[in-house]
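In this chain, numbering begins with 1 at the start of the sequence shown. Whatever order the structure lists them in is the order used to number ligands and atoms, beginning at 1.
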Amino acid sequence: MDITYHMPVKVMMEKGIVIKKHYEFKGFGKKAFIITGKSSSKINGSLEDVEAALDKEGIDYYIFDRVEENPSLETIEDASKIGLEQNVDFIIGVGGGSPIDAAKAIAVMIKNPQLNKDNLITPEKLEALDVIAIPTTSGTGTEVTQYSVLTDHKNKTKRNLGQEVFPKLALLDPKYTEKMDLDTTVSTAIDALSHIIEGYLNRHANDITDALAERGIKIWGECKDDLVSGDIKNTSREKLMIASNIGGMIIAQTGTSLPHGMSYPLTYHKGISHGFAIGSLYKEYLKIFKDRKKVNKIYELLGLESHKEFEELMDKLVKVHIHVTQDEIKKYTDEVWENKEKLANHPEDILYEELFFIYTNSLLYI
Ligand code: NAP
Ligand code: ZN
């Protein structure tokens, strides 16, 4: 047995937590750099809460609210320049995975001001400013992972920053997700489930991550009827936030696997949201596993009887149709075949043809 489990994030979850636990912001520095998206954090109350908590602590702050979905290296560079000018001491990411991932990359770039968008992704080990994460989606679990997924327009793909930037503190309030539209709710929920499953069906899975995964799948399964009906009760919003957090804790240990790697071209080239891009591949992905023991356990924990029922569930949830040409499928398969990290996480031998068939059977031909 050889297990390493590393989870250095202080996680606190409660309704109203940011205001109630305002003193948690103490000790990070005199000036915060708040990194957020264009509008949702102003609507769901998270930004206002963070500002109020910082005011209570007498901490100055500057807000950068221009993070786009799937944040680009260009945005990271723009924000970092501002952060340096503003002389900020620490970073607070408020929003979905995009602003929080951006916050992590900005924390690295500000600490290493010699870097720019073209050389930020480097094998060299880099330090970062402290990051606090306030997630407002229940999907990525980025508040408890070291990853920062960035869009690299030069290479026309999404890439992991490759540094270990675990937030120091994650404050979770499901209230922020209560008014989220159904598409974002479902897409992010699929992302959360995919992290749990890809960490469960993973070469690096161990007894600790499996324990988290089995509980996480069960909790997610309790929300599936709400996700299908579109009537998402607040109890389900809470459960989805917990499932998302569990998913993050798992992939922080195991990494994600094939569907994540395979989804990046669908998001980059076809503009499909992260969760739906992954979800569109899941029926075929679970079909190719030779060892059915853990796959059947997933269905059981979800409250499903068979792969067919899983297919029916995904058909109800993934409401996107992705049109591709044969050449595109070949190009995407080549790209994933080069992604040695994702292939290595898949616990069984896999053929190029199997990846090709996952795409072929999941997507629609033009
Ligand atoms: P997102 O890209 O952060 O946000 C998607 C949309 O949801 C945006 O329009 C955003 O609006 C909106 N939104 C956010 N919170 C909302 C709320 N509470 N109510 C209503 N709308 C809300 O979505 P995400 O799925 O959370 O993050 C996806 C990104 O995370 C991808 O880049 C993915 O690759 C990455 N990811 C990272 C990890 C990791 O471990 N680091 C893991 C998985 C995925 P605004 O733009 O106005 O804020
Ligand atoms: Zn994901």
**Study point:** Heavy-atom proximity to atom 18 (N) of ligand 1, best of Y176, F276, Y147, Y264
**Key:** Y176
Point to revise | Which of the ligand 1 atoms, numbered from 1, are nearer than 4.0 Å to a heavy atom of T145 | key: 39 (C), 40 (O), 41 (N)
Exercise for review: Using a strict 4.0 Å cut-off to heavy atoms of T184, name the atoms of ligand 1 that fall inside it.
Suggested key: 7 (O)
**Study point:** Near-ring test H153/Y268, centroid separation under 6.0 angstrom
**Key:** yes
Review point. Within the structure, does K179 bring an N/O atom to less than 3.5 angstrom of an N/O atom in ligand 1?
Key: no
Revision key, fill the gap. The atoms of ligand 1 lying under 4.0 Å from a heavy atom of M180, numbered in the order shown, are 17 (C), 18 (N), 19 (N), 20 (C)
Exercise for review: Consider every N or O of G97 and every N or O of ligand 1, then say whether any pair is closer than 3.5 Å.
Suggested key: yes
Point to revise | Which residue and heavy atom of the protein sit nearest atom 33 (C) of ligand 1, plus the separation | key: K158 NZ, 3.6 Å
Practice item. Mind telling me whether H6 and F166 have parallel, tilted or perpendicular rings, with 30° and 60° as the class edges? Key: perpendicular
**Study point:** Pair Y299 and H307, ring centroids less than 6.0 Å apart
**Key:** yes
Identify each donor-acceptor pair in which a side-chain atom of residues 118-126 lies under 3.5 Å from a protein atom, sequence neighbours left out, and give them as a table.
residue: N119; atom: OD1; partner: N116; partner atom: N; Å: 2.7
residue: T122; atom: OG1; partner: E124; partner atom: N; Å: 3.0

Point to revise | Sub-4.0 Å heavy-atom contact, E178 with ligand 1 | key: no
Exercise for review: Would you mind telling me if ligand 1 is within reach of the side chain of H195, the backbone, both or neither, using heavy atoms under 4.0 Å?
Suggested key: side chain
Review point. Between H195 and Y200, does the ring centre distance come in under 6.0 Å?
Key: no
Check your understanding: Of all the atoms in ligand 1, which lie at a distance below 4.0 Å from a heavy atom belonging to T136?
Key -> 14 (C), 15 (N), 16 (C), 17 (C), 18 (N)
Practice item. Give yes or no for whether the N/O distance cutoff of 3.5 Å, strictly under, is met between S41 and ligand 1. Key: no
Check your understanding: For atom 25 (O) of ligand 1, what is the nearest protein heavy atom, given as residue, atom name and distance?
Key -> T188 CG2, 3.4 Å
Check your understanding: Taking only heavy atoms of G96, which atoms of ligand 1 are found under 4.0 Å from at least one of them?
Key -> 3 (O), 26 (O)
Practice item. Within a distance under 4.0 Å of any heavy atom of T137, pick out the atoms of ligand 1 and give their elements. Key: 14 (C), 15 (N), 26 (O)
Exercise for review: Could you pull out, from K38, E69, R159, the option with a heavy atom nearest to atom 8 (C) of ligand 1?
Suggested key: E69
Review point. Which of the atoms of ligand 1 are close to P99, meaning less than 4.0 Å from one of its heavy atoms?
Key: 3 (O)
Review point. By number and element, which atoms of ligand 1 are closer than 4.0 Å to a non-hydrogen atom of V149?
Key: 34 (O), 37 (C)
Point to revise | Parallel, tilted or perpendicular, as decided by the 30° and 60° cut-offs, for the rings of Y352 and F356 | key: parallel
Check your understanding: Out of S39, G37, S263, S40, whose heavy atom sits nearest atom 12 (C) of ligand 1?
Key -> S40
Point to revise | Reference residue E57; test salt bridge (Lys or Arg N to Asp or Glu O under 4.0 Å); the match among K26, K31, K30 | key: K26
Point to revise | Distance-only N or O hit between ligand 1 and H260, under 3.5 Å | key: no
